[in-house]
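Read the structure below first, then the notes.
A note on names: the letters A, B, ... follow the listed sequences, proteins ahead of strands, and every chain is numbered from 1.
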2 protein chains.
Amino acid sequence: MTYHHGNLRQTLLDRAAEIIAESSVEALSLRKLARDIGVSHGAPARHFKDKSALLNALAHEGHLRMSIALDKAVEAAGMDPLARHNAMGKATIKFALKNPTFYNVMNHPDVLKHADAKLNAYIFAQLHLVQTSASDAREAGWLPDQDPLTVFAFSTAAAIGAASLLTARHETDFFEGIDVEKLADQIIDVVIPPSLKALKALQEIEP
Amino acid sequence: MTYHHGNLRQTLLDRAAEIIAESSVEALSLRKLARDIGVSHGAPARHFKDKSALLNALAHEGHLRMSIALDKAVEAAGMDPLARHNAMGKATIKFALKNPTFYNVMNHPDVLKHADAKLNAYIFAQLHLVQTSASDAREAGWLPDQDPLTVFAFSTAAAIGAASLLTARHETDFFEGIDVEKLADQIIDVVIPPSLKALKALQEIEP
DNA sequence: GGTGTTATGTTGTCAATGCCTACATTTTGA
DNA sequence: TCAAAATGTAGGCATTGACAACATAACACC
């Protein structure tokens, strides 16, 4: 009856996300995906030239959602540059914890390898935002002795490292029974004090 | 003439590493691997039950080499717990930069997913070593206000995050023309002062 | 030195997959 | 209305991972 599916593109993306969540990126097969949805094995090609193209689209959607989450968190943090950068770091890890599927796709080596120009530009722009945020925090008094690039790379490394460490839920789970969200916040608070005020207080006490 | 290859197992591993270095983990095919070496397509099965088994073996070799590199770096750092932990962090990133192939295999999601018990145990043990190192540094005066788990997770996240950030050599190369080894060292020095003396000096100046 | 056993490699086969092409049906818009 | 574009189908092809049956080499033991 309905020869045309109507919204196959979105259905493909949704079901693909489900399959990846259940197993992994590698386990995703275009033919199985088509079978699941109840459409012929050639149909997906009309919407995604390639398997890479589909994963690319998923990664893009993930980046969109993540940047929205980060924006929101940063705005909620107010005007203090340290608070904003701190919030950005925490929000990054939180996104990874709450959206493991998207996060996995976004960081999968094969996906990154075949990322198209648009996706690459998006990633680049996002990194640039983090860089600016780090520089702002530095100019407000955070790590004044380090150059801006080091400060940026340090905070970025901590955030993505924490995300990858805490989302790694394979056999060797080092964080069994631990509140990883809380741990994530604590990590970021070590990276950058949660406010300019906290930074000053820290400097007063140290002698 | 020589119907038996003689050391097919090692040859497979070596050639596999080359192929991965040239392209990627996904691009590795058992049949192409066999063709390259000049052996029938069924031969690899005698040495590796599975494609996963081969990658597992490669990952294991990578972890072995890395732990040797870390041991060496830590011993060379002397007795100061801060210097040792600092050296461990730097050596981790350096290993990733100098052995991108092994590092990629070791951290590839598909490889981790199919890691056998032995490999998992090895990874677990390695993490435990880092945890001990972090605790020692903490007891020597580093970040005394944070709990040991936070201190461990913070330093580990920074190291693996820096490794992944600095080895990500895709289109969007944010670190074009930058001395990444130097940057890596600077990042780790922000994470943990390179010596107990440096830590004290830092605390004196701060007021 | 012969011989049975194990280790190693070969060949053939199968199902699954990604991608391509030719074709069918629906939708659209001038 | 009807031609063109969009969307879905069906079949085919080369590649791949895994398996099984077989061949040969290496080795241990008498």
In whole angstrom, what separates [X]'s [atom1] from [N]'s [atom2]?
X	N	atom1	atom2	result
A/His5	C/dT27	NE2	P	14 Å
A/Asp50	C/dT17	CG	C1'	13 Å
A/His47	D/dG8	NE2	P	4 Å
A/Leu8	D/dT9	CG	P	8 Å
A/Arg46	C/dT27	CZ	C1'	14 Å

Under a 4.0 Å N-O cut-off, is there an ion pair linking [X] with [Y]?
X	Y	value
A/Lys90	A/Asp189	yes
B/Asp36	B/Lys32	yes
A/Arg138	A/Asp147	no
A/Glu26	B/Lys113	no

For A/His5 and A/His47, I'd like to know if the aromatic rings sit close, meaning centre-to-centre distance below 6.0 Å.
no

Under 3.5 Å, is there an N or O donor on one side and an acceptor on the other linking the side chain of A/His41 and the base of D/dG11?
yes

Under a plain distance cut-off of 3.5 Å, with no hydrogens placed, do A/Ser67 and A/Tyr122 share a side-chain donor-acceptor pair?
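Looking only at side-chain atoms, A/Ser67 and A/Tyr122 do form a donor-acceptor pair, the distance falling under 3.5 Å.
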
Where along residues 19-38 of chain A does a heavy atom come under 4.0 Å from DNA chain D, residue by residue in number order?
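The stretch gives A/Arg31 as the residues lying under 4.0 Å from the strand, ordered by number.
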
